[in-house]
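In what follows, a single structure is set out as structure tokens and then discussed.
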Amino acid sequence: MTDKNQETWKELKEEVLEALNFSEDVTDELVLDVIDRVLKTSRYQKTMSLERRCALRQELFHSIRKLDVLEHLLEDETITEIMINGEQGIFLERGGKIERYSGGEVSKERLEELVVKITGMSNRMINEASPLADARLEDGSRIHVAVPPVALDGPIITIRKFPKNPITLMDLLEKGSMNREIADFLEQVVRAKYNIFVSGSTGSGKTTLLNVLSDFIPKTERIITIEDTAELQIRNVPNLVRMEARISGVEGCREISIRDLLRASLRMRPDRIIVGEVRGAETVDMIQAFCTGHQGSISTAHGNSTKDMLYRLETMVLMGMDIPALAVRRQLASGIDLMIHLGRLRDKRRVLLEISEIDGCEDGEIKINPLYQFEELGEDPSGKVAGTWKKVGELHHKTKLYMAGISHDQGLLDL
């Protein structure tokens with residue numbers, strides 16, 4: 001939007017706001033009527049095309065009643081990520097590829113208004129003293145906001161959108177994220193209450209996989225989910241408890257961390273605990289939950305590989321507890337049964353790269369038993385990566401499978 005258009009838009013918006021009486025009930029229809037009247041009587045009316053007038057009508061309505069420039073981007077289901085880099089422009093992710101938004105830049109003033117609206121809707125506080133905030137939109141989209149002084153070019157807004165209809169196992173199979181053999185294996189180990197840890201880079205599909213794995217949990221169990229910002233879309237679980245952490249400073253309230261919620265959840269009679277993501281000292285409590293009878297629990301974290309993820313988990317546990325490294329490794333080896341690592345290929349496709357069994361601790365090191373690995377076979381003329389999943393090892397610890405009534409004799413297990 002050019003400087004001239006910015007001034008026009010600002011002037012028209014001020015006229016609309018002056019004509020509205022917010023002390024009374026203001027409906028969407030009333031706002032649109034006032035916008036139409038202002039546009040019709042505006043000094044710009046004669047030089048404004050019908051197309052421009054319609055566009056301004058929608059922009060003004062979205063600015064007053066919705067989320068301004070974000071609104072039509074949020075409505076576009078092909079967009080998975082929205083990145084506003086202050087006054088430097090807007091970038092979008094479609095199909096795993098990033099592109100620059102052709103609709104132009106947004107003024108710093110509009111971005112500041114948008115930040116206030118977003119954080120206000122989510123009961124979050126953001127200012128120079130607290131310039132970072134995480135929030136969640138009504139449709140479940142995750143949003144992160146950064147403002148000056150940490151954001152040098154104006155407010156930075158990053159939104160991770162989630163599909164209106166949660167992705168299912170069939171969707172992952174159709175997209176080539178895994179094959180049927182791996183899907184059947186995952187269903188068996190989830191039903192059998194193996195403790196599972198999912199690792200991967202940003203945008204590799206960790207939350208999506210958690211949602212899919214939750215579909216395998218028996219409906220008779222009590223599930224507690226704990227997240228920094230609620231993203232999970234767990235369905236078909238009647239006895240579901242959802243908890244979300246809270247930052248400090250909102251209306252004078254104290255912080256409620258993931259670690260606080262983990263400790264509280266142990267008193268809520270959970271069958272399983274699902275932690276959306278661990279980043280620090282709360283890893284101690286997550287591993288304690290894994291080791292103290294809450295079998296079938298699942299969590300995720302950012303990691304480059306299964307081995308790197310174990311090193312990182314060890315570091316995060318030591319952030320919350322001063323104990324010998326060997327004791328940490330033994331706890332990790334005792335608490336985690338399976339590690340699943342996800343990633344993105346060159347063609348931006350999200351795939352399951354590896355499933356490994358944690359096979360105890362020996363000579364001070366955690367033993368990793370790889371079960372499945374993705375192997376690249378090249379790429380086709382369109383650039384799509386071809387590959388297959390190879391079974392590279394046998395599951396050593398099958399007791400949970402047998403206790404769950406899953407056995408080879410029933411035709412449900414072939415390991």
Side-chain angles (χ1 to χ4, degrees), residues 62 65-77 79-84 90-93 111-127 130-147 150-151 155-167 198 200 202-212 214 223-235 237 240-251 253-262 264-265 273-280 282 298-302:
H62 283 168
R65 300 293 284 188
K66 304 289 185 180
L67 289 176
D68 202 354
V69 68
L70 290 179
E71 194 63 32
H72 72 281
L73 299 178
L74 291 169
E75 293 171 356
D76 188 339
E77 295 186 12
I79 298 173
T80 54
E81 196 105 23
I82 302 169
M83 296 155 276
I84 301 180
I90 302 174
F91 292 83
L92 312 172
E93 182 186 61
L111 286 178
E112 289 172 345
E113 291 179 3
L114 184 56
V115 166
V116 170
K117 185 176 291 188
I118 289 171
T119 52
M121 289 168 54
S122 304
N123 197 30
R124 296 289 196 267
M125 180 179 67
I126 191 165
N127 51 39
S130 301
L132 302 173
D134 291 300
R136 174 169 42 88
L137 300 181
E138 291 181 357
D139 65 356
S141 297
R142 183 185 70 196
I143 183 165
H144 179 77
V145 178
V147 299
V150 299
I156 300 171
I157 303 172
T158 309
I159 299 177
R160 169 72 58 81
K161 292 176 58 185
F162 297 99
K164 293 181 179 179
N165 298 315
I167 293 175
V198 182
T202 299
S204 59
K206 298 184 295 297
T207 301
T208 297
L209 182 61
L210 250 66
N211 289 329
V212 170
S214 70
I223 312 302
I224 295 180
T225 66
I226 297 171
E227 300 176 83
D228 195 14
T229 302
E231 301 173 16
L232 292 172
Q233 297 174 299
I234 294 179
R235 304 159 297 172
V237 177
L240 175 66
V241 177
R242 302 171 66 232
M243 295 197 291
E244 182 181 58
R246 184 183 69 188
I247 63 171
S248 61
V250 179
E251 298 177 355
C253 298
R254 76 174 184 89
E255 176 187 10
I256 304 294
S257 67
I258 288 181
R259 192 168 190 181
D260 294 327
L261 296 178
L262 267 165
S265 70
I273 299 171
I274 298 178
V275 183
E277 183 179 339
V278 290
R279 299 186 181 93
E282 70 272 8
I298 311 172
S299 187
T300 77
H302 286 77

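Salt-bridge formation is detected for the pair Arg136/Glu244: a Lys NZ or Arg NE/NH1/NH2 atom is positioned less than 4.0 Å from an Asp or Glu carboxylate oxygen.
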Under the side chain to side chain donor-acceptor pair (under 3.5 Å) criterion, do Ser257 and Asp260 qualify, and how do the steps go?
-> CA-CA 5 Å; Ser257 67; Asp260 294 327; 3.2 Å; yes
Apply the test side chain to side chain contact (heavy atoms under 4.5 Å, CB included) to residues Leu209 and Thr300: give CA-CA distance (whole Å), side-chain angles for both, the deciding distance (0.1 Å), then the verdict.
-> CA-CA 10 Å; Leu209 182 61; Thr300 77; over 6 Å; no
Derivation of the side chain to side chain contact (heavy atoms under 4.5 Å, CB included) call for Ile159 and Leu73 | CA-CA 10 Å; Ile159 299 177; Leu73 299 178; over 6 Å; no
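One finds the CD1 atom of Ile143 at 10.5 Å from the OG1 atom of Thr229 (value rounded to the nearest 0.5 Å). Atom OG1 of Thr208 is separated from atom CD of Gln233 by 8.0 Å, given to the nearest 0.5 angstrom. To the nearest 0.5 Å, the span separating CD1 on Ile126 from CG on Leu132 amounts to 6.5 Å. With rounding to the nearest 0.5 angstrom, the CE atom of Met243 is 8.0 Å from the CD1 atom of Ile273. For the atom pair NE2 (His144) and CD1 (Ile156), the distance works out to 8.0 Å, reported to the nearest 0.5 Å. Going from atom NZ of Lys161 over to atom CD of Glu77 covers 7.0 Å, rounded to the nearest 0.5 Å.
Under the 3.5 Å distance criterion, the side-chain polar atoms of Ser130 are left unmatched by any main-chain donor or acceptor of Asn127. Looking only at distances, no side-chain donor or acceptor of Glu282 sits under 3.5 Å from a matching main-chain atom of Leu262.
Contact annotation: the side chain of Leu210 never approaches that of Thr225 to less than 4.5 Å [non-hydrogen atoms, C-beta and beyond]. For the pair Ile118/Leu70, a side-chain contact is recorded, criterion being any heavy-atom separation below 4.5 Å from C-beta on. Using a 4.5 Å cut-off on side-chain heavy atoms (C-beta onward), Ile226 and Ser265 make contact. In this structure, the side chains of Glu227 and Leu232 come closer than 4.5 Å at one or more pairs of heavy atoms. Residues Phe162 and Arg142 are in side-chain contact: their nearest non-hydrogen atoms beyond the backbone lie under 4.5 Å apart. At a threshold of 4.5 Å between non-hydrogen side-chain atoms, the residues Ile82 and Leu92 count as touching.
When all heavy atoms of Arg235 and Pro166 are compared, the closest pair comes out as CD-CG, 3.8 Å.
Among residues two or more places apart in sequence or in another chain, the salt bridge (charged side-chain N to carboxylate O under 4.0 Å, His left out) test is passed with Asp76 by Arg94. Judged as a salt bridge (charged side-chain N to carboxylate O under 4.0 Å, His left out), and not counting sequence neighbours, the contacts of Arg279 are Asp228, Glu277. Evaluation of the side chain to side chain donor-acceptor pair (under 3.5 Å) rule for Glu71 yields no partner, not counting sequence neighbours.
Environment of CZ in Arg242: sparse, with no more than 12 heavy atoms of neighbouring residues, nucleotides or ligands closer than 6.0 Å.
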